[in-house]
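Just the heavy atoms: all of them, side chains too, but no hydrogens, waters or symmetry mates, feed the values below. When a ligand or atom number is given, it counts from 1 through the structure's own listing order.
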Amino acid sequence: MRTGLSKDLIARVLGGAPKYTIQQLEEKFPQRNLPDGAFVTRFAPSPTGYMHIGGLYGALIDCKLAQQSGGVFMLRIEDTDTKREVADAVQIINESMDRFGLKYNNVPEYGPYYQSQRKDIYHSVVAHLLENGLAYPCFLSAADMEEIRENQKAAGFATGIYGEFARDRNLSEDEIIANLDKGLVPSIRLYSTGNPEQRIFCKDAVRGSIGFPENNEDIVLIKSNDGLPTYHFAHLCDDHFMRTTHVIRGEEWLPSLPLHVQLFRMMDWRAPLYIHTSTIDKIDEESGKQRKLSKRKDPEANVAFFLEAGWPVEAVIEYLGNIAASGYEEAKMKGQVKSFWDYEMRAKKIPMSGALFDMKKLEWWAKEFIGSLPVPELVNRVVRWANEYGNNAQRAMCKEQSYLTSVLSIERDNPKRVRKDFITWSQTLENVAFFWDELFVPNSEYEFNMDALREFLETYDESDDKDTWWAKIVAVAEKCDVKNGDVAMNLRVALAGRTNTPDLYSIMSVMGGERVIKRIEGVIK
Ligand code: GLU
């Protein structure tokens with residue numbers, strides 16, 4: 001430990017006296033009054049203008065664990081890196097959370113929730129560290145640090161500001177004052193007393209206790225350029241005073257865990273429980289190897305992709321939920337729960353590695369979900385999507401809403417045997433586009449049996465019930481000496497332009513006599 005700075009000097013170093021004492025902060029942000037076992041979690045994105053699927057995965061876990069335990073889920077905007085900030089970024093985060101149904105509860109008592117608005121808190125905590133010799137002002141310039149780094153590399157030492165390389169860690173008050181008088185603005189660094197030869201044991205709620213070398217780096221707590229905290233220091237202050245019980249974050253933060261535990265111990269605060277989640281990976285098409293979903297290479301890394309392409313948000317949530325809680329699928333299939341939100345997930349079972357995002361598997365969840373929707377809801381969702389993201393043709397289809405409703409009702413009258421061939425709202429429309437004359441593409445390759453089609457037209461009557469209709473097909477088959485199925489297939493291709501369609505009788509009923517005759521005649525001509 002070094003000697004602490006006087007209150008006056010601290011005020012000078014920080015550009016103002018701290019607003020609160022630690023005691024005052026403890027009182028300002030009291031322990032939350034929640035049931036036993038309640039999780040207080042937060043999603044803490046940096047506003048980069050992009051929401052990664054891994055962020056959504058983490059936020060879902062946060063939200064679910066808080067919700068099912070009667071706790072609180074917060075959204076905290078980690079906007080201390082002003083260089084990286086992008087306009088509208090917060091709006092993108094908020095919109096994504098809203099679309100995917102992740103509701104947070106930022107009660108004003110524990111705010112503000114933008115780190116850039118919490119400077120008073122960080123400065124008050126760092127003042128306490130400065131006063132107790134646990135932190136110090138550091139005047140190293142970027143050039144100084146570069147030089148230190150080069151020397152360390154040349155000598156084969158670990159890089160960083162630590163031990164003998166931490167030039168300013170033992171500056172006296174007079175030396176500090178002299179630097180300030182020169183107009184130099186310091187950063188505030190941790191005065192680390194860790195010894196990397198020794199191990200510190202840190203707990204991850206899923207991985208268990210992990211031993212790390214102690215941290216000896218005098219990491220920056222408060223940056224010199226803007227007086228804002230680094231992630232490490234902000235996390236310490238925020239998760240303590242927001243009374244976070246569980247920090248669920250990506251495994252890229254695991255190496256920082258010993259530092260964070262060190263910071264909490266230094267403050268004599270109880271650290272939250274940490275859960276470091278696996279990255280969301282995919283199997284690379286070229287190499288066949290598993291790798292992280294990449295912002296650059298994979299469109300599906302961006303949650304906006306799913307909205308634009310028309311994936312049901314529920315299916316994405318169900319799928320991500322099942323990655324986080326692998327027992328969910330079985331419970332759902334057994335009918336024990338209706339959605340992921342009803343399933344009791346266990347924090348301890350969150351996978352530590354190898355979380356794979358597989359579009360094929362997502363398709364399955366999407367088919368299940370769309371298959372479960374009542375027709376009016378299905379139509380509603382398709383129309384809403386088309387109006388926001390659809391092309392002209394898709395929007396035109398949605399204008400004829402009653403026809404669209406009839407089309408989408410086909411094979412949906414028996415909830416136990418619903419066709420499960422719709423994946424996205426977009427593909428749902430594409431799948432049934434042939435019902436619209438402007439979008440229908442006649443099949444020019446199929447070898448039609450013109451006789452059969454002609455014979456069918458002779459006897460066709462749009463008011464026939466299904467049995468009468470089928471009897472007529474059988475009669476045509478007999479007359480033309482082909483199989484019943486051949487006649488049906490000829491009609492199918494004539495009407496839909498393809499061989500795989502829903503129930504033929506339903507198609508004809510929905511299309512109506514005029515359209516049916518026109519299409520068959522179109523083929524005959
Ligand atoms: N802002 C950090 C990130 O985006 C948050 C990590 C955390 O949840 O603590 O990675």
Side-chain angles (χ1 to χ4, degrees), residues 39-66 71-86 89-90 92-94 96-97 102 104 106 110-118 121-122 125 202-207 219-223 226 228-264 269-280 292-295 301-303 320 324 347 350 352 355:
F39 281 58
V40 178
T41 59
R42 80 298 185 281
F43 175 45
S46 304
T48 58
Y50 180 93
M51 182 126 160
H52 193 278
I53 188 82
L56 183 65
Y57 173 67
L60 171 63
I61 298 174
D62 285 318
C63 181
K64 178 72 174 95
L65 289 173
V72 179
F73 166 53
M74 303 171 273
L75 170 66
R76 183 170 75 221
I77 302 298
E78 306 222 318
D79 56 349
T80 59
D81 190 350
T82 36
K83 278 183 280 215
R84 276 177 62 203
E85 237 174 283
V86 178
V90 175
I92 290 172
I93 294 165
N94 263 310
S96 312
M97 308 255 303
L102 305 184
Y104 56 86
N106 284 3
Y110 292 89
Y113 292 87
Y114 282 72
Q115 288 184 329
S116 58
Q117 295 169 16
R118 297 172 64 81
I121 300 171
Y122 307 125
V125 177
C202 305
K203 194 171 163 201
D204 174 293
V206 179
R207 294 161 204 255
I219 57 121
V220 173
L221 304 175
I222 299 285
K223 297 177 281 171
D226 52 15
L228 286 170
T230 54
Y231 166 74
H232 309 294
F233 188 59
H235 149 57
L236 167 84
C237 302
D238 293 343
D239 285 318
H240 179 70
F241 288 119
M242 289 179 168
R243 308 301 177 185
T244 306
T245 61
H246 290 74
V247 168
I248 296 146
R249 60 183 181 187
E251 65 185 344
E252 67 274 18
W253 291 111
L254 193 56
S256 306
L257 188 54
L259 166 64
H260 297 159
V261 170
Q262 176 187 22
L263 293 174
F264 274 94
W269 288 343
R270 182 169 167 180
L273 276 170
Y274 290 92
I275 297 175
H276 293 91
T277 56
S278 162
T279 53
I280 300 284
K292 204 173 147 176
L293 271 179
S294 129
K295 182 170 166 175
N302 185 350
V303 300
L320 289 176
I350 295 171
M352 286 179 285

| task | Using the ring-ring contact (aromatic ring centres under 6.0 Å, His included) rule, pick out the option among His240, His232, His276 that qualifies with His260. | result |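 Only one option passes, and that is His232.
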
| query | Can you tell me which residue and heavy atom of the protein come closest to atom 4 (O) of ligand 1, and the distance to 0.1 Å? | reply |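 In this structure, atom 4 (O) of ligand 1 has Ala44 O, 3.7 Å as its nearest protein heavy atom.
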
| message | Does only the side chain of Phe43 get under 4.0 Å from ligand 1, or the backbone, or both, or neither? Count heavy atoms. | response |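 The answer is neither.
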
| said: Any carboxylate oxygen within less than 4.0 angstrom of a Lys/Arg side-chain nitrogen, looking at Glu251 and Arg207? | reply: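 Looking at Glu251 and Arg207, the cut-off is met.
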
| Is the backbone of Thr80 close enough, under 3.5 Å, to the side chain of Lys223 for a donor and an acceptor to pair up by distance? |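 Yes: the side chain of Lys223 pairs with the backbone of Thr80.
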
| Looking at Trp253 versus Tyr274, is the centre-to-centre ring distance below 6.0 Å? |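 No, the ring centres sit 6.0 Å or more apart.
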
| Nearest-option assignment for atom 7 (C) of ligand 1, heavy atoms, candidates Tyr274, Trp253, Tyr231 |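 That would be Tyr231.
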
| message | Measuring from atom 1 (N) of ligand 1, which candidate in His235, Arg249, Glu78, Arg42 has the nearest non-hydrogen atom? | response |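 Nearest option to atom 1 (N) of ligand 1, by heavy atoms: Glu78.
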
